[in-house]
Amino acid sequence: MTQPTTNKSLVNLLPQLVSTDNGLAQDVRQGLRQNPKKLSSRFFYDAKGSQLFQQIMELPEYYLTKLEHQILSRQRKEILYAIDTATPFQLVDLGAGDAYKTKLLLSELVASKVDFSYVPLDISEDQLNLLLEDLHHRWPQLPVTALAAEYFQGLAWLNQEKPQRKVVLFLGSNIGNFHLQEAQEFLCTLRKSLHPQDSLLLGLDLRKDPEKMRRAYADAAGVTSAFNLNLLHRINKELAADFDLDQFQHFAEYDPLEGTMRSFLISRKAQQVHIGALNETFEFEAWEAIHTENSYKFSLRQVEEMAQACGYRVQDVYTDASHGFADVLLRPVES
């Protein structure tokens, strides 16, 4: 490993890469003016939303985190062998959050005395500070460069300031939050930030029993409902709105033709909502829906097609015992 130093001294937060305006007001204005209405799922994760999502991951119905954790726990040696740890690299974690699953790889890398550095990249500076405290406690000698930035801004900064080989992680089926065409566009844009010696480990939720998927997004305890409704609470708090949360309900459905789990907030009655920061009032009909999230479920054939279209080759596919989730190792192809 590189010269021992505490990771606290290697903190390199780049909040200047993130706009001081998080875009919530603009998103709400545009989304609620549309027909059908929509709000972006990227605003789920304020402090309360992040706390609720941690609870969701512990629910018996929520299989996604458990299956990927199983893959990384049981096959981490094979994964790290495949990415070639003999030469130094940066482990770049897109949307790192609390790095719950990434820590399985970090533990193996540190124990094996691999020459690498860790680059958690997340838009939330608060989340990164919490992560850095935890990493310092676990592995005080681990070199860490924490970037508070959008994905491609952070990667551009790394290519300019730290042009070392990269192993990029995009775990947790975050790619599923895009429509299929958007997912391919994301992978193609990401490819432009990578070099042939780099690699990408991509987490994807695979198609499976629709009822199992539906339960994962509409749990019996109502935590997922609270998580979705917290988006309205956030708008109330940050934009001086007057959403009555008791008059909206969470609803999730799966479309097996498109392979998409969709989430909605539905108005229980005809009502008006005033948003002070926008100086605007929005009308809701009884049972009108606000679309809040898509979660796309993939087939391995689709992954292969997207990878090929964007200039990658599939090096390895790692799945859990039920073949319900996959971590796919992609290599950029020389152009």
Side-chain angles (χ1 to χ4, degrees), residues 1-2 57 62-121 135 138-139 141-144 164-176 183 187 190-191 193-208 297-308 310-334:
M1 194 172 291
T2 53
M57 290 193 296
Y62 195 77
Y63 62 83
L64 289 88
T65 303
K66 298 177 181 67
L67 295 187
E68 189 171 33
H69 190 276
Q70 180 187 119
I71 294 169
L72 296 176
S73 178
R74 297 179 182 179
Q75 301 179 68
R76 55 187 169 179
K77 290 183 183 294
E78 292 90 334
I79 293 170
L80 295 176
Y81 178 80
I83 65 175
D84 178 19
T85 58
T87 56
F89 64 94
Q90 301 173 91
L91 188 67
V92 183
D93 197 357
L94 301 185
D98 66 353
Y100 171 65
K101 289 163 290 189
T102 303
K103 288 168 187 169
L104 293 168
L105 300 178
L106 293 176
S107 177
E108 187 68 28
L109 288 165
V110 171
S112 302
K113 296 181 169 55
V114 171
D115 188 354
F116 84 107
S117 61
Y118 179 48
V119 184
L121 198 160
L135 293 175
R138 292 171 184 257
W139 303 294
Q141 306 306 318
L142 173 63
V144 179
Q164 189 183 25
R165 182 170 78 98
K166 295 187 290 295
V167 176
V168 178
L169 306 178
F170 196 45
L171 304 177
S173 195
N174 286 324
I175 191 75
L187 289 178
L190 180 57
R191 171 64 184 87
S193 298
L194 302 179
H195 303 288
Q197 70 269 24
D198 298 333
S199 55
L200 168 64
L201 187 65
L202 181 66
L204 307 115
D205 194 19
L206 301 179
R207 297 192 182 196
K208 59 182 68 64
K297 312 305 175 184
F298 295 86
S299 69
L300 290 177
R301 176 183 57 80
Q302 289 173 316
V303 178
E304 180 78 40
E305 291 172 350
M306 286 195 304
Q308 185 175 8
C310 293
Y312 303 88
R313 65 179 175 87
V314 176
Q315 178 174 333
D316 288 290
V317 177
Y318 307 92
T319 66
D320 65 285
S322 69
H323 300 284
F325 199 97
D327 282 312
V328 180
L329 185 61
L330 301 177
R331 291 280 193 176
V333 177
E334 296 242 23

Using modelled atom types and a 3.5 Å cut-off, is there a donor and acceptor pairing between side-chain atoms of [X] and backbone atoms of [Y]?
X	Y	result
Y63	G324	no
Q70	A321	yes
Q315	I83	no

Tell me which one of [options] satisfies side chain to side chain contact (heavy atoms under 4.5 Å, CB included) with [X].
X	options	result
L329	V317, L201, L202	L201
V168	L94, L330, V119	L94
L204	N174, T319, V303	V303
Y318	E68, Q75, R74	Q75

(request) Would you please name every residue forming a side-chain hydrogen bond (donor to acceptor under 3.5 Å, both in side chains) with E304, sequence neighbours left out? (result) none

(request) Give every residue pair that meets the side chain to side chain donor-acceptor pair (under 3.5 Å) criterion with at least one member in residues 89-98, sequence neighbours excluded. (result) Q54-D98, D93-T102, D93-Y118

(message) Among K113, K103, R76, exactly one meets salt bridge (charged side-chain N to carboxylate O under 4.0 Å, His left out) together with E108. Which residue is that?
(response) R76

(request) Only counting residues at least two apart or in another chain, list the ones meeting ring-ring contact (aromatic ring centres under 6.0 Å, His included) with F298. (result) Y296

State, to 0.1 Å, how close [X] and [Y] come at their nearest heavy-atom pair, and which atoms those are.
X	Y	value
A96	P120	CB-CB, 3.6 Å
L67	F325	CB-CB, 3.7 Å
L300	A326	CD2-CB, 4.2 Å
W139	V110	CD1-CG1, 3.8 Å
T87	R165	O-NH2, 3.0 Å
K297	Q302	O-OE1, 4.1 Å

(request) Under the side chain to side chain contact (heavy atoms under 4.5 Å, CB included) rule, what do K208 and S322 come out as? Steps first, then yes or no, please. (result) CA-CA 10 Å; K208 59 182 68 64; S322 69; 6.0 Å; no

(request) May I have all residue pairs that pass salt bridge (Lys or Arg N to Asp or Glu O under 4.0 Å) and include part of residues 315-332, sequence neighbours excluded? (result) none

(request) May I have all residue pairs that pass ring-ring contact (aromatic ring centres under 6.0 Å, His included) and include part of residues 85-113, sequence neighbours excluded? (result) H69-Y100, F89-F116

(message) Distance check, rounded to the nearest 0.5 Å: L194 atom CG versus R191 atom CZ?
(response) 6.5 Å

(message) Measuring from atom CG of L80 to atom OG1 of T85, what distance do you get when rounded to the nearest 0.5 angstrom?
(response) 6.5 Å

(request) Only counting residues at least two apart or in another chain, list the ones meeting side chain to side chain contact (heavy atoms under 4.5 Å, CB included) with H195. (result) N159, K166, Q197, D198

(request) Measure the shortest side-chain to side-chain distance between L187 and I175 over non-hydrogen atoms and say whether it is less than 4.5 angstrom. (result) yes

(message) Is the shortest side-chain heavy-atom distance between L106 and L135 below 4.5 Å?
(response) yes

(message) What verdict does the side chain to side chain contact (heavy atoms under 4.5 Å, CB included) test give for L171 and L72, after you've listed the backbone C-alpha separation in whole Å, the side-chain angles of each residue and the deciding distance to 0.1 Å?
(response) CA-CA 10 Å; L171 304 177; L72 296 176; 4.1 Å; yes

(message) Is there a side chain to side chain contact (heavy atoms under 4.5 Å, CB included) between L109 and L142? Walk through the geometry before answering.
(response) CA-CA 10 Å; L109 288 165; L142 173 63; over 6 Å; no

